[in-house]
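A short worksheet on the structure shown next.
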Protein chains: 2
Amino acid sequence: MEIDGKSWKILQAIQADGRISLTELAAKVALSVPAASERLKRLEEAGVVWGYRALVSAEAVGYDVMALVGMTTAQPDKARLIAQLQSMPEVLECLHVTGQDSFILRVVTRNIRHLEQFVGSINHFGETRTSIVMSAPIALRPLAPPGGE
Amino acid sequence: MEIDGKSWKILQAIQADGRISLTELAAKVALSVPAASERLKRLEEAGVVWGYRALVSAEAVGYDVMALVGMTTAQPDKARLIAQLQSMPEVLECLHVTGQDSFILRVVTRNIRHLEQFVGSINHFGETRTSIVMSAPIALRPLAPPGGE
DNA sequence: ATTGAAATACGTGAGCA
DNA sequence: TGCTCACGTATTTCAAT
């Protein structure tokens, strides 16, 4: 799918405010409401927009610790590890990556003790390297159009 | 702020579908529309909900490579590094962490060449360790209520 | 927290460039 | 083919209970 300038404006607007009304959206991109609606629908159907989420503050709901946990896991254990991670609500994200780590997890816990307990419950799957997040100088930035080819 | 069962239901519903209407939301949590609306507004004002985002597929818009880049950076360079990263649209996220890495970046690039070029443009700030994301067994899971204290 | 009314926004259709 | 305009319907917001 090709995305022209107007569609990029739509993408940027709905990334900045996922609950924006079609009326506002149309005004922002200088289009009529049905035209904007039609373009947005196409972007959704093409899978360019694959969902809408509210962003909830982990701290505000009682998770005081966020960490990234790298794991080195032997091939035969991977499927079981993923199955277990899926059942653990502390795991917000799990990426299968190249390099020293097999997986990198994004985890939230109530406190350091809870983090220790979490790591303890998975480290029989392989070595773990835990990095505690102190701050987020850049947090979850929206996607911008890729520059010149 | 204390979050009771009904408010948790609201949080889960708007994390699952950020564009859900108040009418649907109210039905899901067994509340009248104004009651649900009022609770949601409170959650927003308290910062529990800090935004709404459309989720855009990086691949679909021309970013074929996602990677995590760990950096070891000397203290005096950190501010300049962050300033530079802020101006680079490839950087979706930058976390300041404990451990071997000073920062961990989430980066998208059009292709491997572009990734190489990106890393080249920042590696005078310190050593980098790049992990290319092959897949996401768990992608961006919503926050669930922390279990028993 | 609920009800009901007014204002606004949404989605479909027909017509035009 | 894609945009605009106009209509009926659904949703949101506000006042009062």
- Scanning both residues in full, the closest heavy-atom pair of P137(A) with C94(B) reads CD-O, 3.0 Å
- Item | Sequence-distant partners of E59(B), side-chain contact (heavy atoms from CB on, under 4.5 Å), two or more places apart | S57(B)
- Listed once per pair and sorted, the ring pair (Phe, Tyr, Trp, His ring centres under 6.0 Å) pairs that draw on residues 36-91 of chain A, sequence neighbours left out: none
- Sort and list the pairs that fulfil ring pair (Phe, Tyr, Trp, His ring centres under 6.0 Å) and have at least one residue in residues 95-124 of chain A, not counting sequence neighbours. H96(A)-F103(A)
- Task: Just report the end-to-end axis angle for the helix from dA1(C)-dT17(D) to dA17(C)-dT1(D), five pairs per end, to 10 degrees.
- Result: 30°
- Item | Those residues that, when tested against R42(A), pass side-chain hydrogen bond (donor to acceptor under 3.5 Å, both in side chains) (two or more places apart) | none
Ignoring hydrogens and angles, write down the donor-acceptor pairs under 3.5 Å from the side chains of residues 3-14 of chain A, residues two or more places apart or on other chains.
{"unit_1": "D4(A)", "atom_1": "OD1", "unit_2": "K6(A)", "atom_2": "N", "d": "3.3"}
{"unit_1": "D4(A)", "atom_1": "OD1", "unit_2": "S7(A)", "atom_2": "N", "d": "2.9"}
{"unit_1": "D4(A)", "atom_1": "OD1", "unit_2": "S7(A)", "atom_2": "OG", "d": "3.3"}
{"unit_1": "D4(A)", "atom_1": "OD1", "unit_2": "R39(A)", "atom_2": "NH1", "d": "3.0"}
{"unit_1": "D4(A)", "atom_1": "OD2", "unit_2": "R39(A)", "atom_2": "NH1", "d": "3.2"}
{"unit_1": "D4(A)", "atom_1": "OD2", "unit_2": "R39(A)", "atom_2": "NH2", "d": "3.3"}
{"unit_1": "S7(A)", "atom_1": "OG", "unit_2": "R39(A)", "atom_2": "NH1", "d": "2.9"}

- Task: Could you tell me from which nucleotide to which nucleotide of DNA chain D, 5' to 3', there is an atom under 4.0 Å from chain A heavy atoms?
- Result: dG2(D) to dC5(D)
- Item | Selection residues 62-71 of chain B - residue pairs positive for salt bridge (charged side-chain N to carboxylate O under 4.0 Å, His left out), sequence neighbours left out | none
- Validation row: Q100(B), R129(B) side chains within 4.5 angstrom (heavy atoms): yes
- Please work out which residues in residues 17-38 of chain B have a non-hydrogen atom less than 4.0 Å from an atom of DNA chain D and list them by number. S21(B), L22(B), T23(B), V33(B), P34(B), S37(B)
- Outer limits of DNA chain C sitting under 4.0 Å from a non-hydrogen atom of chain B, read 5' to 3', are dA1(C) to dT3(C)
- Item | Neighbour count above 12 (heavy atom, 6.0 Å) for Q86(A) CD | yes
- Message: Test: salt bridge (charged side-chain N to carboxylate O under 4.0 Å, His left out). Region: residues 86-96 of chain A. Which pairs qualify, not counting sequence neighbours?
- Response: E93(A)-R106(A), E93(A)-R106(B)
- Message: Rounded at 0.5 Å granularity, tell me how far CG in D101(B) sits from CG in L68(B).
- Response: 10.0 Å
- Residues in salt bridge (charged side-chain N to carboxylate O under 4.0 Å, His left out) with D17(A), at least two apart? none
